[in-house]
Amino acid sequence: MTAPIPLSLGNLALSRKEDFKAFASAPRREQPELLTKAELKALSPGAKAIYDRSRREWHANLGPIRTPQLAELHEDLWDIVDSNVQDGDKAKGAVAVDAFPGLGKTTSVLAFLREFHHREIAENGEYTDQGHERLPVCRVGLTGNTGMKDLNRSLLEFFGHPGRNRGTTAQFGQRALDCVLSCEVRLLALDDLHFLKWRQSSGIEVSNHLKWIANEFPVTLLMIGVGLVDKGLFSEGGATQDEALAQTGRRTTRLGMRPFTIESEAGRREWRQMLLALEQRVVLADRHPGMLADDLSDYLFARSTGHIGSLMTLINRGCQRAVRSGTECLTRDLLDRVKNDEASEAARKELEAALEKRRLTSRPRSRRKKAA
Ligand SMILES: Nc1ncnc2c1ncn2[C@@H]1O[C@H](COP(=O)(O)OP(=O)(O)O)[C@@H](O)[C@H]1O
Ligand SMILES: [Mg+2]
């Protein structure tokens with residue numbers, strides 16, 4: 001019942017090839033069996049502790065759920081990646097996934113990278129014709145204030161290149177290119193690209209650098225970040241004297257991710273589908289059909305304002321509390337005591353007022369009478 005693999009996955013930063021491969025090849029987590037309250041009571045203290053631990057890990061890692069947002073992003077990514085099989089000397093189109101934090105960019109892109117990794121390995125084998133390890137995906141996550149040299153170094157870190165500690169920016173770049181070529185990388189994903197130092201002295205450098213990568217590396221460049229549009233990644237020349245950025249912009253396709261909304265009937269149906277899927281994954285003895293989708297629909301929308309990150313945090317923390325306290329059910333009362341992130345708390349007040357006055361509802365039409 002307790003799978004050992006997820007435990008070790010807890011330490012992965014996914015910025016090294018070994019980590020990424022471990023992530024890509026880890027089997028899906030197994031949902032702990034749902035016990036009734038009587039069955040829970042009958043467990044010995046030792047067995048209860050093991051059971052609760054497996055639920056703790058399960059609830060902390062619910063997902064990824066195939067939301068419409070994730071499915072749409074994957075479709076678009078497949079279109080672009082599959083149309084990018086020109087010969088290596090032609091520059092390939094780049095992609096920018098640009099949306100606010102907490103909307104599921106990293107999660108959805110990782111799920112895609114994982115599928116892409118498997119497809120490429122299945123089609124082409126674990127090793128290249130030259131006998132190198134095949135790595136269809138190179139993925140690095142940037143952290144605060146990364147310059148160009150740091151970016152190149154992080155690419156070398158991914159490959160575990162011995163020359164990652166000494167050298168110039170250009171040398172690092174050349175070595176990274178060598179790795180990309182020998183491992184036959186097809187997709188280069190740079191997550192949290194907004195951490196690059198853009199507009200100071202190195203701003204031009206960085207944009208030139210992205211252009212260099214897009215031109216020289218025979219890969220689809222997948223950039224992920226917040227406010228990349230504002231950073232000038234897509235500016236079309238003219239007004240800006242920044243030629244390099246304009247060049248990047250022309251060949252880059254921008255993909256967004258949207259929050260859930262409840263203004264339209266279609267939106268409310270999506271929200272309900274999401275809650276129904278989520279319900280199925282909650283392993284609490286007193287869970288019942290409609291626990292989230294009927295009883296807590298408005299409440300959860302108000303608290304998350306349709307942001308999947310906030311919703312998942314709330315459900316995760318709520319489940320932990322329901323297990324710990326023995327409540328074994330998610331209710332408004334219990335969730336009221338669970339803290340969420342600041343941004344969603346601020347938006348919550350306003351939304352709750354509107355929901356209470358019935359000016360707004362998160363429930364699809366067919367569900368309203370029943371729940372009222
Ligand atoms: N499709 C999904 N299914 C389940 N949980 C998700 C999904 N997408 C995002 N999440 C949760 O929301 C949180 C924020 O997502 P993340 O991918 O980190 O957003 P971003 O990269 O846009 O800031 C994560 O902790 C993740 O658990
Ligand atoms: Mg992210």
Side-chain angles (χ1 to χ4, degrees), residues 5 9 12-28 74-97 109-142 148 151-191 193 209-224 248 251-253:
I5 300 115
L9 282 183
L12 300 189
L14 296 185
S15 281
R16 288 163 200 272
K17 64 184 167 83
E18 290 80 11
D19 292 355
F20 184 82
K21 281 176 93 172
F23 159 78
S25 47
R28 294 234 173 274
H74 282 199
E75 281 305 312
D76 290 335
L77 287 175
W78 283 120
D79 285 349
I80 293 165
V81 168
D82 285 342
S83 66
N84 261 353
V85 286
Q86 311 100 325
D87 297 334
D89 59 336
K90 302 200 187 67
K92 299 177 188 310
V95 190
V97 179
V109 167
L110 277 175
F112 177 81
L113 296 178
R114 177 189 166 114
E115 279 183 38
F116 182 78
H117 172 89
H118 285 298
R119 188 185 81 174
E120 292 298 297
I121 297 284
E123 283 181 5
N124 302 309
E126 294 238 28
Y127 294 91
T128 67
D129 291 345
Q130 308 291 319
H132 295 289
E133 184 179 21
R134 182 185 302 284
L135 296 170
V137 170
C138 170
R139 184 258 176 209
V140 297
L142 308 193
M148 199 166 65
L151 173 58
N152 286 358
R153 187 185 292 115
S154 65
L155 293 176
L156 293 178
E157 287 280 352
F158 180 87
F159 295 101
H161 194 287
R164 61 188 181 273
N165 296 320
R166 288 172 68 99
T168 64
T169 306
Q171 283 169 334
F172 281 177
Q174 207 55 48
R175 287 170 201 158
L177 179 55
D178 287 344
C179 293
V180 163
L181 290 174
S182 51
C183 298
E184 302 194 353
V185 173
R186 293 288 172 261
L187 246 177
L188 175 61
L190 307 176
D191 201 351
L193 196 63
H209 191 61
L210 289 176
K211 194 183 123 203
W212 177 71
I213 291 179
N215 285 339
E216 297 300 318
F217 287 41
V219 299
T220 301
L221 179 61
L222 180 46
M223 300 172 277
I224 304 131
T248 325
R251 261 181 273 110
T252 303
T253 308

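The first residue of the sequence shown is numbered 1, and numbering continues consecutively from there. Keep in mind the model is a prediction, meaning the values are calculated, not measured.
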**Asked** Considering residues, nucleotides and ligands other than Arg134, do more than 12 of their heavy atoms fall under 6.0 Å from its CZ?
**Response**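 Count over threshold, so yes.
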**Request:** Inspect the surroundings of CG in Asp82 and state if more than 12 heavy atoms from other residues, nucleotides or ligands are less than 6.0 Å away.
**Result:**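 Yes, CG of Asp82 has more than 12 neighbouring heavy atoms, counting only those of other groups under 6.0 Å.
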[atom1] of [X] to [atom2] of [Y]: how many Å apart, nearest 0.5 Å?
X	Y	atom1	atom2	value
Asn84	Leu187	CG	CG	8.5 Å
Arg139	Leu188	CZ	CG	11.0 Å
Thr169	Arg153	OG1	CZ	8.5 Å
Leu221	Ile213	CG	CD1	6.5 Å
Lys17	Cys138	NZ	SG	11.0 Å
Ile121	Leu135	CD1	CG	7.5 Å

Non-hydrogen side-chain atoms of [X] and [Y] separated by less than 4.5 Å:
X	Y	result
Cys179	Leu155	no
Asp191	Leu14	no
Val140	Leu190	yes
Val81	Phe112	yes
Pro218	Leu181	yes
Glu115	His74	yes
Asp76	Val95	no
Val180	Phe159	yes

**Request:** Go through Thr252 and Met223 one step at a time and tell me if the side chain to side chain contact (heavy atoms under 4.5 Å, CB included) criterion holds.
**Result:** CA-CA 9 Å; Thr252 303; Met223 300 172 277; 3.9 Å; yes
**Asked** Parallel, tilted or perpendicular for Phe217 and Trp212, by the 30°/60° rule?
**Response**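 Taking Trp212 first and then Phe217, their aromatic rings stand perpendicular (interplane angle over 60°).
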**Asked** Taking the inter-plane angle between the rings of Phe20 and His117 on a 0 to 90° scale, is it parallel (under 30°), tilted (30 to 60°) or perpendicular (over 60°)?
**Response**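 Rings of Phe20 and His117: perpendicular, over 60°.
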**Prompt:** Taking the six-membered ring of Phe23 as reference, does the NZ or CZ atom of Arg114 fall below 6.0 Å from its centre and within a 45° cone about the axis?
**Reply:**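 Yes.
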**Request:** Evaluate the side chain to side chain contact (heavy atoms under 4.5 Å, CB included) criterion for residues Glu184 and Glu120: first the C-alpha distance (whole Å), next the side-chain angles of each, then the deciding distance (0.1 Å), finally the verdict.
**Result:** CA-CA 10 Å; Glu184 302 194 353; Glu120 292 298 297; over 6 Å; no
